[in-house]
**Student:** 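Structure provided below as structure tokens; questions to follow.
Start at 1 and go down the list; that is how both ligands and their atoms are numbered. Values reported hereafter were calculated over all heavy atoms of this structure, with side chains retained and with hydrogens, waters and symmetry mates removed.
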Amino acid sequence: MRIRAAISVSAEAPFEIAEVELDEPRRDEVLVELRAAGVCHSDLTMKAVWPEAISPIVLGHEGAGVVAAVGDEVTGVRTGDHVVLSYRSCGSCPECAGGHRPYCRDFRTLNGIGTRPDGSPTMRRNGSRLYGSFFGQSSFASHALAYESNVVVVGDEIDLAVAAPLGCGVQTGAGTVLNVLAPPPESSLVVFGAGGVGLSAVMAAFASGVGMIVAVDPVASRRQLAAELGATTIDPGAGDVVDVIRGLTGIGVTHAIDTTAKGAVINQAIEALAPLGTLALVGLRPPDFAMNVQSVMSGGKTIRGVIEGDAAPREFIPRLVELHGQGRLPVEKLIRRYDFVDIDGAFADAASGKTVKPVLEFDLNSC
Ligand SMILES: NC(=O)c1ccc[n+]([C@@H]2O[C@H](COP(=O)([O-])OP(=O)(O)OC[C@H]3O[C@@H](n4cnc5c(N)ncnc54)[C@H](O)[C@@H]3O)[C@@H](O)[C@H]2O)c1
Ligand SMILES: [Zn+2]
Ligand SMILES: [Zn+2]
């Protein structure tokens with residue numbers, strides 16, 4: 001079928017919006033007519049570093065829309081369902097079976113090789129291979145082919161533009177708090193980076209009653225939003241961040257999250273931890289750097305990586321929708337809507353810090 005897609009041709013070039021050919025759904029595939037797609041910082045990073053060998057590609061991994069058709073083997077989703085798209089997992093490897101699907105042994109094959117696992121492309125442009133299948137969706141397009149493991153039915157009540165970021169950024173930040181760190185009410189949490197992921201962590205921490213929540217970000221508008229969502233804020237440009245955190249907490253925080261992927265900030269997070277504290281690393285592609293190992297050792301501190309909030313999308317995203325419905329996860333405060341064709345503007349505003357969570361909306365008449 002003919003669809004419209006935003007094609008990433010190289011790191012520097014703007015997106016090309018073009019008509020392309022999408023396969024009809026195979027037996028295990030779900031065709032989704034997209035209504036909205038969030039922009040995650042990982043899309044920015046991937047556009048910048050995506051290998052030339054598997055370009056051009058259609059990125060996008062926070063899609064939300066309406067199911068238009070399902071293959072014969074698909075049982076859990078029906079035509080007309082409102083759905084959020086997330087990452088794909090196999091469901092049967094030891095990590096998936098153990099409830100930790102983001103660490104699926106087939107994660108890369110299912111989410112990041114630009115084709116189906118069998119090497120076939122889902123899309124073509126003027127007869128030539130066009131890479132896609134990004135996170136089993138490639139949602140910077142009017143339509144996507146997805147799979148039962150990454151399609152989550154969300155009901156008709158939630159605005160799909162608000163629901164779209166639940167598929168990655170919100171799931172990651174909220175899941176890191178609710179599924180991984182699980183800080184009790186008497187604990188203290190510092191979040192480095194008040195972007196889509198960091199503010200989702202702040203919202204989840206506030207919803208679960210964490211006693212002290214601190215957010216660090218150089219962008220004033222983001223600090224203001226973090227404050228509205230229940231955090232004490234710190235401008236890292238205004239002085240020694242670790243001193244300020246110790247001033248607030250006495251000995252340091254019990255929990256920390258790094259969303260900046262900057263070595264110097266990760267060391268600040270380590271230093272800011274109280275003895276036996278835990279730091280979760282979620283920022284993508286932190287560089288190699290000299291980590292403050294002594295502080296980790298002598299303080300008995302724990303550092304762990306977290307992918308996608310350690311969440312199984314089909315269980316966790318409905319919980320997030322419920323929290324949103326109760327007014328305890330106000331994702332709408334993070335988003336700004338853009339027409340799909342203004343994807344370059346959305347990327348620029350995400351990169352500059354102007355918009356926390358751009359969401360592209362699809363004009364049904366032009367798709
Ligand atoms: N682990 C995962 O599964 C997963 C999932 C989604 C996103 N990510 C990654 O998480 C990171 C955050 O994503 P996002 O969409 O929130 O990005 P974002 O760009 O909106 O947020 C990053 C924030 O860090 C702030 N920052 C920059 N320098 C800082 C400093 N010195 N101290 C404190 N804050 C500073 C920026 O101002 C920005 O607000 C990215 O690296 C993204 O690729 C990881
Ligand atoms: Zn698996
Ligand atoms: Zn993401």
**Student:** Evaluating non-hydrogen atoms only, which member of D217, I234, V241 is closest to atom 37 (O) of ligand 1?
**Tutor:**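 Selected option, by shortest heavy-atom distance: D217.
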**Student:** With a 4.5 Å heavy-atom cut-off, do I343 and Y338 have their side chains touching?
**Tutor:**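 No, every pair of side-chain atoms sits at 4.5 Å or beyond.
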**Student:** Ring centroids only, cut at 6.0 angstrom: are Y87 and F135 within range, meaning strictly under it?
**Tutor:**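 Centroid separation for Y87 and F135: 6.0 Å or greater.
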**Student:** Taking R124 first and then E21, would you say they form a salt bridge - that is, a charged N and a carboxylate O separated by under 4.0 Å?
**Tutor:**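 Between E21 and R124 there is no salt bridge, as every charged N stays at least 4.0 Å from the carboxylate O atoms.
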**Student:** With side chains defined as the heavy atoms from C-beta onward, is the minimum distance between Y147 and D28 less than 4.5 Å?
**Tutor:**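 They are in side-chain contact.
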**Student:** Tell me the contacting part of L44 for ligand 1: side chain, backbone, both, or neither, using a 4.0 Å heavy-atom threshold, strictly below.
**Tutor:**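 None of L44 does.
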**Student:** Within less than 2.8 Å of the Zn ion (ligand 3), any N, O or S from C40?
**Tutor:**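 Yes.
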**Student:** How does A350 reach ligand 1, by side chain, by backbone, by both or by neither, if only non-hydrogen atoms under 4.0 Å count?
**Tutor:**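 The answer is neither.
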**Student:** To which of Q171, E62, R223, R222 does the heavy atom nearest atom 38 (C) of ligand 1 belong?
**Tutor:**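 The option holding the nearest heavy atom is R222.
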**Student:** Have a look at the Zn ion (ligand 2) and estimate, to 10 degrees, the angle subtended by SG (C104) and SG (C96).
**Tutor:**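 That angle works out to 100° after rounding to 10°.
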**Student:** Can you tell me if C40 has a non-hydrogen atom under 4.0 Å from ligand 1?
**Tutor:**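 It does, in that a heavy atom of C40 comes within the 4.0 Å cut-off of ligand 1.
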**Student:** Counting heavy atoms only, which part of V197 comes closer than 4.0 Å to ligand 1: side chain, backbone, both or neither?
**Tutor:**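 Contact part for V197 vs ligand 1: both backbone and side chain.
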**Student:** Can you list the atoms of ligand 1 that are under 4.0 Å from a heavy atom of C168?
**Tutor:**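 Counting atoms of ligand 1 from 1, those under 4.0 Å from C168 are 5 (C), 6 (C).
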**Student:** Is the closest N or O pair between V282 and ligand 1 shorter than 3.5 Å?
**Tutor:**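 Yes: some nitrogen or oxygen of V282 is under 3.5 Å from one in ligand 1.
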**Student:** Looking only at heavy atoms, is any part of V265 under 4.0 Å from ligand 1, and if so is it the side chain, the backbone, or both, or is it neither?
**Tutor:**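 Within the 4.0 Å criterion, V265 contacts ligand 1 through side-chain atoms alone.
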**Student:** Applying a 4.0 Å heavy-atom criterion (strictly less than), which segment of R285 is in contact with ligand 1: side chain, backbone, both, or neither?
**Tutor:**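 Looking at R285 and ligand 1, no heavy atom falls under 4.0 Å.
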**Student:** Pick whichever of A264, S200, P218, A280 has a heavy atom sitting closest to atom 29 (C) of ligand 1.
**Tutor:**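 Nearest option to atom 29 (C) of ligand 1, by heavy atoms: P218.
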